[in-house]
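Structure, as structure tokens:
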Amino acid sequence: QVRLVESGGGLVQAGGSLRLSCAASGTIFSINAMGWYRQAPGKQRDLVATITSGGTTNYADSVKGRFTISRDNARNSVYLQMNSLSPEDTAVYYCNANLNRVGNLRFQDYWGQGTQVTVSS
């Protein structure tokens, strides 16, 4: 069994900052990429940022220069530092991990339950 638990969401004024955290736990053998996605009301879930086990990062154009993704491989954790937030960033943010479990060579995507980020104008 694998769980991804996010924390750090909340309400912030435009221009403010938030830091999201996500920890993966369970019978994990190895984790490939980890990332953050978001889904605003009535919209599809979109990529925000990803990071490989080696530290290579990828960002959506809309967050480049404002958001920073990082990870702690020893803790199976990924973080998202969000600065200069705007109301357009309001969404539920989901943590994702591509991992394989102990005794299973196949990599699969796992998701957290989501954390709400609301940016007021």
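Here the structure is a predicted model, which is why all the values come from computation and not from measurement. Start at 1 with the first residue, then count along the sequence.
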Nearest atoms (heavy-atom pairs only) where K64 meets Y59: CE-O, 3.4 Å
Side chain to side chain contact (heavy atoms under 4.5 Å, CB included) between L85 and F67, worked out: CA-CA 9 Å; L85 284 162; F67 291 9; 3.7 Å; yes
For S17 against Q81, the heavy-atom pair lying closest together: CB-NE2, 4.0 Å
Nearest-0.5 Å distance, CD1 of residue I69 to OG1 of residue T56: 11.5 Å
Non-hydrogen side-chain atoms of F29 and L105 separated by less than 4.5 Å: no
N58 and L47, any side-chain heavy atoms less than 4.5 Å apart: yes
Interatomic distance, N98 atom CG to T52 atom OG1 [nearest 0.5 angstrom]: 11.5 Å
R75 CZ: over 12 foreign heavy atoms closer than 6.0 Å: no
Distance in Å, N32 CG paired with N100 CG, rounded so as to fall on 0.5 Å steps: 9.0 Å
Close side-chain approach of Y37 and T50, heavy atoms under 4.5 Å: yes
ILVMFWY network linking Y110 to V92, side-chain heavy atoms under 4.5 angstrom: no
Q39 side-chain N/O to A91 backbone N/O, donor-acceptor pair under 3.5 Å: no
Q116 to T90 - nearest heavy-atom pair and separation: NE2-CG2, 4.0 Å
Side chain R101, main chain R106, donor-acceptor under 3.5 Å: no
CA sep, side-chain torsions, deciding dist, call: R66, M82, side chain to side chain contact (heavy atoms under 4.5 Å, CB included): CA-CA 6 Å; R66 301 187 299 123; M82 305 185 293; over 6 Å; no
Considering all heavy atoms, the nearest N96-L4 contact: C-CD2, 3.9 Å
Considering all heavy atoms, the nearest D89-R38 contact: OD1-NH1, 2.9 Å
Path from M34 to I28 over hydrophobic side-chain contacts below 4.5 Å: yes
In one Ile/Leu/Val/Met/Phe/Trp/Tyr side-chain cluster, 4.5 Å: L20, I31: yes
Ring geometry between Y94 and W111 (parallel below 30°, tilted from 30 to 60°, perpendicular above 60°): perpendicular
Over all atoms of both residues, closest heavy-atom pair of S121 and A14: CA-CB, 4.3 Å
Expected output: side-chain E6 to main-chain C22 donor-acceptor under 3.5 Å: no
ILVMFWY network linking I51 to F107, side-chain heavy atoms under 4.5 angstrom: no
Worked verdict on S25 versus R3 for side-chain hydrogen bond (donor to acceptor under 3.5 Å, both in side chains): CA-CA 5 Å; S25 64; R3 290 185 66 204; 5.5 Å; no
